[in-house]
Enquirer: 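Here it is: the structure, laid out below.
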Amino acid sequence: MSDKNEPVENEQITENENDLIKIRKEKLQKIADLGFEIYPSSYEQKEAISEIAELYSGYSEEKLKEENIKIKTAGRIIGRRIMGKTTFIDIIDGLAKIQIYFQKNKLDEKHTELLGLLDIGDFIGVSGELFKTRTGELTIVVDSFKFLSKALRPLPEKFHGLQDVEARYRQRYLDLIMNQKSREVFEIRSKTIEWLRRLLNARKFLEVETPMMQPIAGGAAARPFITHHNTLDMDLYLRIAPELYLKRLEVGCMERVYEINRNFRNEGISTKHNPEFTMLEFYQAYIDYKEMMRQTEAMLVEVVEKVHGTTEISYQGKQVNFKAPWPRITFYDSIMQYTGAKKEELQSRESIIAIAKKNEVEFDPKWSDIKILNELFEKKVEPNLFNPTFIIDYPLEISPLSKKKPEDPNLVERFELFIAGMEIANGFSELNDPVDQRHRFEMQIKEREMGDDEAHQMDEDYVTAMEYGMPPIAGEGIGIDRLVMLFTDRDSIREVILFPQLRKN
RNA sequence: GGGCCCGUAGCUCAGCUGGUAGAGCAGUGCCCUUUUAAGGCAUUGGUCGAAGGUUCGAAUCCUUCCGGGCUCACCA
C-alpha cells in the first residue's frame, strides 16, 4: 500500500487486529524461530488430491497394506482432530479432500512442535503411505511434512460454512474454500465455455477479439458506460455488443467468426442482470436465421449433453427438456396463444389496448403499439416458455439490424431463444443492404430524438463497410451467464459470476 | 429509483412487548495413538452496521445514512 513504511500505519493495523490474528502471527514467528522457512517457494511433484482419491479409493485396506503406496501431496488445512499423541488433519486442493494422519512417535521434535503450530487454513505439503482407517476412509499416514504458507485470518466455521450472501460475493475466495457447491458452479461455467469453443472451432469458426472500447456503442439497444482516453483526448464507450465489428469482419471475408467476452450495459442490476456480462456472438456467411436456429439447437443440445450427461435438466424444481426439435412460434402467434387474442385484434391500436387490459398488463398510453405488444409478450408469453422455444419473426421497429422478411416487410427474420422463462439467445438474418441500413439508423435517430436514449446511433463507418459489399449472413448472441444459471440451477446471475458488481463498502 | 425484509463474537445464529449481551463452532490451557461436525474439563473474545433522537435507562422504540437480499420498473 504505502512505500513510506510509516510506523503509525503499522500501529493502526495492530490495533485493528483481533486476538485470533495476533496469535496466528505469533505462531508464524515461532515456526520461523524453529528454523523452518515460513513462505517457501515450492513443493514440487505433488499429486492432486482428486487424482489420489480417484485412483485409490477403490482399494481395500489389505491391498493398500500390500502395495505400500507412497504419496506426496499438498493443500489447505480445513479440519483438524487432535487426539493426544495423534492428529488427523483434512486438507483440500479445491477439487477434493483427503485425510492426513500424524503420529507423534514418527516425527522429530521440531516437526512435533510445528504440528502444534498449524492452524486451520494453513497450507502444508505431506508425504507418506496410503492406508484406510477403521471407518474405511482413505488416509495418508505422514512420514514427513512441510509448512508451506500460513492463514493469518481464521476460516469460516466448518459445519455451516460461509452463509452470508454478501460475504460470499465480496470474498469469493472464502466461498470457494468453504462451499463445494459454489466451486462446482464455476467448474460447470468453465466447461460450458470450453464446449462452446470446441464445437465452434470444429465447425471452422475463427475466434476473434474486437474492441471493447468503441467510439460509438452499437449493436444493441442499451445505455453504455463512458470512459476517456487521455492521450487521444476522446471519450470512448465500453461496448454494449461486438456485433458491428464482427460484421465488419464478414465484409473482410472472414466467413465464420465468433467472440466470447464481456459486454457492458449501464442499466439496472438484478438477479438476471450484471453490468458486465459474457456473451458468445457468432456470425456465419451464406446462411439465414432458419439455418442458424438449426445449428443453435444442435450445438446447445450437445453442450448440455457434454456438461450434464443428459438432455434433461432440473431448473428451480422444474424439468427442462432440451430434446430437439424445439418449437418455433412466431412473435404474433405466441401472443395470440397466450392471451387468447385473435389475429385481427393485434392489428389496430384500440384492440391491442383492449387485449392488454383484458390480460391485466399495464402500459403507458404514450407507448407505441409495438411496445405494448412487446410488453404483452414479456408478461404473458415469456414466463411460460420453459422448454427451449424459438420465438421468430419480430416486428421491424425493434430490430434495426436484421433483414426484412420478403413476404412481409413489417417483420424481420429474427429469432430469440427462451429457456426456463429466460431469454438465452437472439439471432437473425443480418441486414446487408447499406441503403436500408442507413434508413434504419435514421429511424433509430428519430426514436432517440423522441427521448429513447437506448435507440441506436448512426454508425457511418459501419454503413461504409457494408457499402463495400456484405455477403448474406446469419448471426447470434448467446448469454453465457444465463446459460450457466440454467446448467447450475441458480436463480441469480451473481451466483455464476465470480465477482458480481456490488456497491463499494 | 419504488416497496418489503435483513445487518449482534472470526463463522453460524439466539436475544428485540426497553433494565445494559448469549450459544455452538473456531481460538486458548489441560487430558486423550484410528478420529472425522471427534470427545471431556476449564477459558478468552463484542464500539449489537453508522450517526442522531426518545427515555432515568436502547441491541431492542423513532429518524437519517451505509451495506445486503427479495421484488417492481429498465434491460440481455
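The figures that follow rest on heavy atoms only: side chains count, while hydrogens, waters and symmetry mates do not.
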Enquirer: Choose from B:rG69, B:rU71, B:rA38 the nucleotide whose nearest atom is closest to any side-chain atom of A:V165.
Expert: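 The nucleotide sitting nearest to the side chain is B:rG69.
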
Enquirer: Output the rounded distance in Å from NE2 (A:H456) to P (B:rA76).
Expert: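 Atom NE2 in A:H456 sits about 12 Å away from atom P in B:rA76.
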
Enquirer: Expressed in angstrom and rounded to an integer, what is the separation of A:E476 atom CD from B:rA76 atom C1'?
Expert: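 It is 13 Å, rounded to the nearest whole Å.
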
Enquirer: CD of A:Q99 versus C1' of B:rA37: gap in Å, rounded?
Expert: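 Rounded to the whole Å, the gap is 13 Å.
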
Enquirer: Partner of B:rU28 by Watson-Crick or G-U wobble geometry, both contacts under 3.5 Å, or none?
Expert: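 Because both required distances fall under 3.5 Å, B:rU28 counts as paired with B:rA42.
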
Enquirer: So what's B:rA14 paired with, Watson-Crick or G-U wobble, going by both distances under 3.5 Å?
Expert: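 Pairing partner, where one exists within any strand: none, as none qualifies.
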
Enquirer: Could you work out which one of B:rC11, B:rG69, B:rA38 sits closest to the side chain of A:L162?
Expert: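 Closest of the options to the side chain of A:L162: B:rC11.
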
Enquirer: What distance, rounded to whole Å, do you find between the two P atoms, one in B:rU43 and one in B:rU12?
Expert: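 That atom pair is separated by 26 Å.
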
Enquirer: Regarding A:K104, tell me which of base, sugar-phosphate or nothing describes its non-hydrogen contacts under 4.0 Å with the strands shown.
Expert: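 Result for A:K104 = nothing.
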
Enquirer: Using a cut-off of less than 4.0 Å, is there contact between a side-chain N or O of A:R503 and OP1 or OP2 of B:rG68?
Expert: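 It does, given that an N or O in the side chain of A:R503 lies less than 4.0 Å from OP1 or OP2 of B:rG68.
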
Enquirer: Expressed in angstrom and rounded to an integer, what is the separation of A:Y169 atom OH from B:rG67 atom P?
Expert: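 Whole-Å distance recorded here is 17 Å.
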
Enquirer: Figure out the CZ/P separation between A:R239 and B:rA76, and round it to whole Å.
Expert: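 Roughly 16 Å, once rounded to whole Å.
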
Enquirer: Taking only the P atom of each, what is the distance from B:rC61 to B:rA14 in whole angstrom?
Expert: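 The answer is 15 Å between these two P atoms.
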
Enquirer: Return the value, rounded to whole Å, for the distance between atom CD of A:Q163 and atom P of B:rG10.
Expert: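 Between P of B:rG10 and CD of A:Q163: 18 Å.
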
Enquirer: If pairing requires Watson-Crick or G-U wobble contacts with both distances under 3.5 Å, which nucleotide is the partner of B:rU63?
Expert: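 The answer is B:rA51, by the H-bond criterion.
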
Enquirer: Would you say that A:F147 contacts A:F123 through its side chain, given a criterion of any heavy-atom pair below 4.5 Å between the two side chains?
Expert: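 Sidechains of A:F123 and A:F147: no contact.
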
Enquirer: Let's test this: given Watson-Crick or G-U wobble pairing with both distances under 3.5 Å, identify the partner of B:rA37.
Expert: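 B:rA37 is paired with nothing.
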
Enquirer: Which of residues 54-66 of chain A sit near RNA chain B, with a heavy atom under 4.0 Å from it?
Expert: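 None, since no heavy atom is under 4.0 Å.
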
Enquirer: Could one point to a donor on the side chain of A:R134 or the base of B:rU34 with an acceptor on the other under 3.5 Å away?
Expert: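 In this structure, the two groups form no donor-acceptor pair.
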
Enquirer: With a 4.5 Å heavy-atom cut-off, do A:D122 and A:K150 have their side chains touching?
Expert: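 Yes, their side chains come closer than 4.5 Å.
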
Enquirer: Could you tell me whether A:K379 contacts a base, only the sugar-phosphate backbone, or nothing, with contacts defined as non-hydrogen atoms closer than 4.0 Å?
Expert: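 Sugar-phosphate contact only.
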
Enquirer: Heavy atoms only, 4.0 Å cut-off, all strands: where does A:G479 land among base, sugar-phosphate and nothing?
Expert: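 The residue A:G479 makes no contact with any strand.
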
Enquirer: Please examine the side chains of A:N387 and A:W326, heavy atoms only from C-beta on, and report whether any two atoms are closer than 4.5 Å.
Expert: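 Side-chain contact under 4.5 Å: no.
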
Enquirer: Determine the Euclidean distance between corresponding P atoms of B:rG18 and B:rU60; express it in Å to zero decimal places.
Expert: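 Taking atom P in both B:rU60 and B:rG18, they lie 11 Å apart.
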
Enquirer: With a distance cut-off below 6.0 Å to the six-membered ring centre and an angular limit of 45° from the axis, does A:R414 pair with A:Y394 as a cation-pi contact?
Expert: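 A:R414 over A:Y394 ring: yes.
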
Enquirer: Quote, to the nearest angstrom, the C1' distance that separates B:rC6 from B:rC25.
Expert: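 It works out to 23 Å between them.
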
Enquirer: Counting just side-chain N and O atoms, does A:R81 come under 4.0 Å of either OP1 or OP2 of B:rA38?
Expert: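 So the side chain of A:R81 is within the cut-off, an N or O lying under 4.0 Å from OP1 or OP2 of B:rA38.
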
Enquirer: Ignoring hydrogens and geometry beyond distance, is the side chain of A:E137 in donor-acceptor contact with the base of B:rU34 at under 3.5 Å?
Expert: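 A donor-acceptor contact between them is absent.
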
Enquirer: To the side chain of A:R494, which of B:rC74, B:rG69, B:rU34 is closest?
Expert: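 For A:R494, the side-chain atoms sit closest to B:rG69.
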
Enquirer: Show, in sequence, the C-alpha distance, side-chain angles and deciding distance for A:F186 and A:I188, and conclude whether the side chain to side chain contact (heavy atoms under 4.5 Å, CB included) test is met.
Expert: CA-CA 5 Å; A:F186 295 101; A:I188 291 174; over 6 Å; no

Enquirer: Do nucleotides 22-29 of chain B as a string where each nucleotide becomes B, S or -: B if the base has a protein heavy atom under 4.0 Å, S if just the sugar-phosphate does, - if no protein is that close.
Expert: --BBSSS-

Enquirer: Applying a 4.0 Å non-hydrogen cut-off, can you work out what A:D491 is touching in the nucleic acid: base, sugar-phosphate, or nothing?
Expert: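 The answer is nothing, as A:D491 stays clear of every strand by at least 4.0 Å.
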
Enquirer: Mind checking whether A:M213 and A:Y237 have side chains closer than 4.5 Å, heavy atoms only?
Expert: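 SC-SC contact between A:M213 and A:Y237 ruled out.
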
Enquirer: Give a yes or no on whether a donor-acceptor pair under 3.5 Å exists between the nucleobase atoms of B:rU12, that is its base, and the side chain of A:D164.
Expert: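 No, the side chain and the base share no sub-3.5 Å donor-acceptor pair.
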
Enquirer: Need one value for A:R153: base, sugar-phosphate or nothing, where a base atom within 4.0 Å counts as base even if backbone is also close, heavy atoms only.
Expert: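 Result for A:R153 = nothing.
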
Enquirer: So A:E423, base contact, sugar-phosphate only, or nothing? Heavy-atom distance under 4.0 Å.
Expert: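 Sugar-phosphate contact only.
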
Enquirer: Base, sugar-phosphate, or nothing for A:T271, non-hydrogen atoms under 4.0 angstrom?
Expert: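 A:T271: backbone/sugar contact only, no base atoms under 4.0 Å.
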
Enquirer: Yes or no on side chain to side chain contact (heavy atoms under 4.5 Å, CB included) for A:Y462 and A:Y245, after CA distance, side-chain angles and deciding distance?
Expert: CA-CA 8 Å; A:Y462 175 63; A:Y245 285 91; over 6 Å; no

Enquirer: Taking for each residue the nucleotide of RNA chain B with the nearest heavy atom, is it A:N426 or A:Q171 whose nucleotide lies nearer the 5' end?
Expert: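 The residue whose closest nucleotide sits nearer the 5' end is A:Q171.
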
Enquirer: A:A167 near the nucleic acid: base, sugar-phosphate alone, or nothing, with a heavy-atom cut-off under 4.0 Å?
Expert: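 Result for A:A167 = nothing.
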
Enquirer: Report yes if the side chains of A:I91 and A:I49 come closer than 4.5 Å at any heavy-atom pair, otherwise no.
Expert: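 SC-SC contact between A:I91 and A:I49 confirmed.
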
Enquirer: With a 4.5 Å heavy-atom cut-off, do A:R494 and A:V165 have their side chains touching?
Expert: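 No - every pair of side-chain heavy atoms lies 4.5 Å or more apart.
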
Enquirer: Kindly point out which of B:rG68, B:rU35, B:rA73 is positioned nearest to the side chain of A:F88?
Expert: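 Of the candidates, B:rU35 comes closest.
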
Enquirer: Could you give the distance separating B:rA9 and B:rA23 at their P atoms, to the nearest angstrom?
Expert: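 Those two atoms are separated by 14 Å.
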
Enquirer: Taking C-beta and beyond as the side chain, do A:L238 and A:I226 meet within less than 4.5 Å on heavy atoms?
Expert: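 When only atoms from C-beta onward are counted, A:I226 and A:L238 do not touch, as no gap falls below 4.5 Å.
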
Enquirer: Using the C1' atom as the point on both nucleotides, what is the distance between B:rG49 and B:rC72, in whole Å?
Expert: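 Looking at atom C1' only, B:rC72 and B:rG49 are 27 Å apart.
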
Enquirer: For residues A:R183 and A:N179, determine if any side-chain heavy atom of one lies less than 4.5 Å from a side-chain heavy atom of the other.
Expert: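 Sidechains of A:N179 and A:R183: no contact.
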
Enquirer: Distance check needed: B:rU44 C1' versus A:E26 CD, whole Å only.
Expert: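 It is 14 Å, rounded to the nearest whole Å.
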
Enquirer: Could you tell me whether the side chain of A:T86 has a donor or acceptor atom within less than 3.5 Å of a complementary atom in the base of B:rU34?
Expert: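 Donor-acceptor pair under 3.5 Å: no.
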
Enquirer: When the P atoms of B:rG46 and B:rU8 are compared, how many Å lie between them, rounded to an integer?
Expert: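 Approximately 16 Å lies between the P atom of B:rU8 and that of B:rG46.
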
Enquirer: What heavy-atom pair brings A:A74 and A:G125 nearest, and what distance separates the two atoms?
Expert: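 Looking at all heavy atoms of both residues, the shortest contact is CB-CA, 3.8 Å.
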
Enquirer: Using a 6.0 Å distance limit plus a 45 degree cone around the ring axis, check whether A:K318 lies over the aromatic ring of A:Y315.
Expert: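 No, A:K318 and A:Y315 do not form such a contact.
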
Enquirer: Using atom C1' in both nucleotides, what's the gap between B:rG52 and B:rG27 to the nearest angstrom?
Expert: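 To the nearest whole Å, 37 Å.
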
Enquirer: Looking at A:F36, I'd like to know if the NZ or CZ of A:K110 sits under 6.0 Å from its six-membered ring centre while staying within 45 degrees of the ring's axis.
Expert: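 Verdict for A:F36: a cation-pi partner in A:K110.
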
Enquirer: Please name the nucleotide paired to B:rG1 by Watson-Crick or G-U wobble geometry with both distances under 3.5 Å, or report none.
Expert: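 Its partner is B:rC72 (Watson-Crick or G-U wobble, both distances under 3.5 Å).
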
Enquirer: Looking for any heavy atom pair under 4.0 Å, which part of the strands does A:G477 touch: base, sugar-phosphate only, or nothing?
Expert: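 If one applies the 4.0 Å heavy-atom cut-off, A:G477 turns out to touch nothing in the nucleic acid.
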
Enquirer: Given atom CG of A:L502 and atom C1' of B:rC6, what is their separation to the nearest angstrom?
Expert: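 Whole-Å distance recorded here is 16 Å.
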
